[in-house]
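To start, the structure itself, in structure tokens.
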Amino acid sequence: MLRLEARPEASRFWGLASPLLALAITVVIGVVLFIALGKDPVRGLQVFFWEPVRSPYALGELMVKATPLLIIALGLAVCFRSNVWNIGAEGQFVIGAVVAGGVALLAGKETGRWIVAAILLAGIAGGMAWAGITALLRDKFNANEILVSLMLVYVADMALSYLVYGPWKDPAGYNFPQTKTFDAVTQIPRLMQGSRVSIGLVIALAGVAALWIFLFRTRAGFAQQVGGLAPAAARYAGFSSRQALWIALLTSGGAAGLAGALEVAGPIGQLTPYVPAGYGFAAIIVAFVGRLHPVGMVFSAILMSMFYIGGELAQSRLGLPKSLTGVFQGLLLFTLLACDTLMAYRIRFARAPSLKGAP
Amino acid sequence: MESYALLLAATLNAGTVLALAALGLLINEKAGIVNLGAEGMMLCAAIAGFAAVVHTGSDWLGFAAGIGAGALLAAMFGLLVIWLNTNQYATGLALSLFGAGFSAFAGITYVQEKLPERPRFNLPLLGDIPLVGPALFRQHPMVYLAIGLVAALIWFLYRSRAGLVLRSVGESPESAHALGYPVRRIRLAAVVAGGALCGLAGAYISVIYTPLWVEGMVAGKGWIALALTTFATWRPARVLLGAYLFGGVTMLQFHFQGIGIDVPSQFLTMLPYLATIVVLALISRNPAWIRINMPASLGKPFYPGS
């Protein structure tokens, strides 16, 4: 019989090995799935793990998708580390995109490049305000932040839909539900020619450093996390749980909103009903698979981006539905949670005590 | 008047989906387990049920397929949470994300399919009463089944010995364990039962409520059902009432459009989600009241001997 035996402290080895083991199990399940669907599993693995890294251009595309995932996950890590369950980053992303898009629509012929900064700040403000609703209801009314933040995702999607079908619809757009294409001056600056990688990547990496310093080198970051690990100890130390709640939600909301701004003024270039691409949900997986560690999340964001690109390639090259991405993303989180058991427990294969006595 | 009868009929129909799922989640939570995977289970059950009806032509086999899909996923969740001690919130979330992805993947070939028109059910005599008849007595049998389920659940939870054991596992698993009850197996049974009911709700959506398959068609009903258990302070009868209330809010948008009130449809679609937020805030405002009613060990892991 299987028995779990609590380790005296979490295993460092399994802390690193468990995401890798989870990935390995997900890949094995993927191979089985490809075979079951009658596809060549080698081709399947190729589109997911080789094609996205085979050329500089492909690598660039990998970074384009990893950037929003990483930025959102960095914010979510602050939440999850302080035991605040914000699962509505998707909604904060959408509102960030909407507010940023609203600013971008104001740009005209004589607008200067400063508009980019305004767009990014607007995105951050939008995401913060949206997450602030969840924080306010949790703080003042004790309402469960999981459900509130998630309900607000649907509300945000509807708000976007209202704007692009209604007041913000491009009058010259053949009645398509989309705003006019933003003026060229609003385009987020790119890092180099021939690739869509933008300064968003630099911002994301700066965010990695900032989060690392905040979490591991500042008193505020420490106070933030104690509340998540040991609420009683935090109270005793005089750390405010209300403050931790607000910091967590405003940080993650701002991060998600920033990602939304970078997306609409970057690769997308206008507001459409297809702005919500599930990054807010995928970032939850990024955060957990990256161990809520700033550096770990860089790797998991790249991995999750591979899943996105692999899904698109599986559709065009292998004739498989793009939704394969979601299957693998979900599987990865599942297997990771199971593998994490190894971190906190030793598995013992003990025989059930038998009546016959010692063997 | 006619339009109000229609509104009432549609409310009961929409409320039934929420009631079935929320009653399942109630069983989970009475045993101390929160399953955030409701949405994912319902989506997988919706496509499983729909596919079963397409291939067999039988609605009831569709429901059975939905129940099976829900129970299977719930068992997976239960094994992780109860035996491997994984975090309930994270695992439930994983189930929701996986369910959304998997149902979209599995349903891709069913997107164009439509189910044939089904004859309307009609309770003889009662169904012919003007106004009240069409509203209350021409519903799908599942609507009445859901009401019966509430009665059965009240009896089970508060009048039967097994129900008492289930509640004790949710209130104080340590005590139940000390008395010799197999806490983990009871919790697994509750989780599977809850998943089966969520599955039934999911299948009802794709087979009866809107007889087609669209990606993500559950549209947050699993999450609303989760909110309903809090709203109902974990009591079965209030779950049913809450479900009808939210069903009514969902249907209000069509009623508004029907009587020609000109509000952009997006704002009307927002209503059930906004209503959930408002109601959650009002209900949760008094933490003491929630504490009194909530199963004391809700969301807390239990591992014997640790």
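These numbers were taken from a predicted model, which means no experiment stands behind them. Lettering follows sequence order; numbering is per chain, from 1.
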Using non-hydrogen atoms and a 4.5 Å limit, figure out which bit of L337(A) sits close to chain B: side chain, backbone, both or neither.
-> both

Beyond-backbone contact of I146(A) with W223(B), side-chain heavy atoms, under 4.5 angstrom = yes

For chain B, the option from V148(A), D340(A), L324(A), L137(A) that forms the most heavy-atom pairs under 4.5 Å = L324(A)

Does a side-chain heavy-atom distance below 4.5 Å link M270(B) with Y162(A)?
-> no

Between N144(A) and T230(B), is any pair of side-chain heavy atoms under 4.5 Å apart?
-> no

Measuring heavy-atom distances to chain A, does L36(B) have an atom under 4.5 Å in its side chain, in its backbone, in both, or in neither?
-> side chain

Residue part contacting chain A, namely of A227(B), when any heavy atom lies under 4.5 Å | both

Under 4.5 Å heavy-atom distance to chain B, tell me which part of L332(A) shows up: side chain, backbone, both or neither.
-> neither

Top of S161(A), A159(A), G326(A) for chain B proximity - count of heavy-atom pairs under 4.5 angstrom = S161(A)

Looking only at atom types and distance, does a side-chain atom of T341(A) sit under 3.5 Å from a main-chain N or O of L84(B), one as donor and one as acceptor?
-> yes

Heavy atoms of other groups near K322(A) NZ, more than 12 under 6.0 Å = no

CD1-CZ distance between I277(B) and F141(A), expressed to the nearest 0.5 angstrom | 12.5 Å

When the 4.5 angstrom heavy-atom criterion is applied to L226(B) and chain A, the contacting part is both

Approximate separation, where rounding is to 0.5 Å, of F281(A) CZ and L93(B) CG = 8.5 Å

Euclidean distance, M158(A) CE relative to L274(B) CG, rounded to 0.5 Å = 11.0 Å

dist T276(B):OG1 -> M151(A):CE (nearest 0.5 Å) comes out at 5.0 Å

With a 4.5 Å heavy-atom cut-off, do L333(A) and F98(B) have their side chains touching?
-> no

Pick one of side chain, backbone, both or neither for P264(B), based on which atoms fall under 4.5 Å of a heavy atom in chain A.
-> side chain

Using non-hydrogen atoms only, which part of I87(A) is less than 4.5 Å away from chain B: side chain, backbone, both, or neither?
-> side chain

State, to 0.1 Å, how close A143(A) and A281(B) come at their nearest heavy-atom pair, and which atoms those are.
-> CB-CA, 3.9 Å

Parallel, tilted or perpendicular for Y154(A) and Y273(B), by the 30°/60° rule?
-> parallel

Using non-hydrogen atoms and a 4.5 Å limit, figure out which bit of N286(B) sits close to chain A: side chain, backbone, both or neither.
-> neither

Are F105(B) and P321(A) side-chain neighbours, meaning at least one heavy-atom pair lies under 4.5 Å?
-> yes

Do other residues, nucleotides or ligands put more than 12 heavy atoms under 6.0 Å from R285(B) CZ?
-> no

Interface moiety of F288(A) toward chain B, non-hydrogen atoms closer than 4.5 Å = side chain

Heavy-atom distance under 4.5 Å to chain A: side chain of I224(B), backbone, both or neither?
-> both

Chain B contact via L37(A) - which portion, at a heavy-atom distance below 4.5 Å | side chain

For L336(A), is it the side chain, the backbone, both, or neither that has a heavy atom closer than 4.5 Å to a heavy atom of chain B?
-> neither

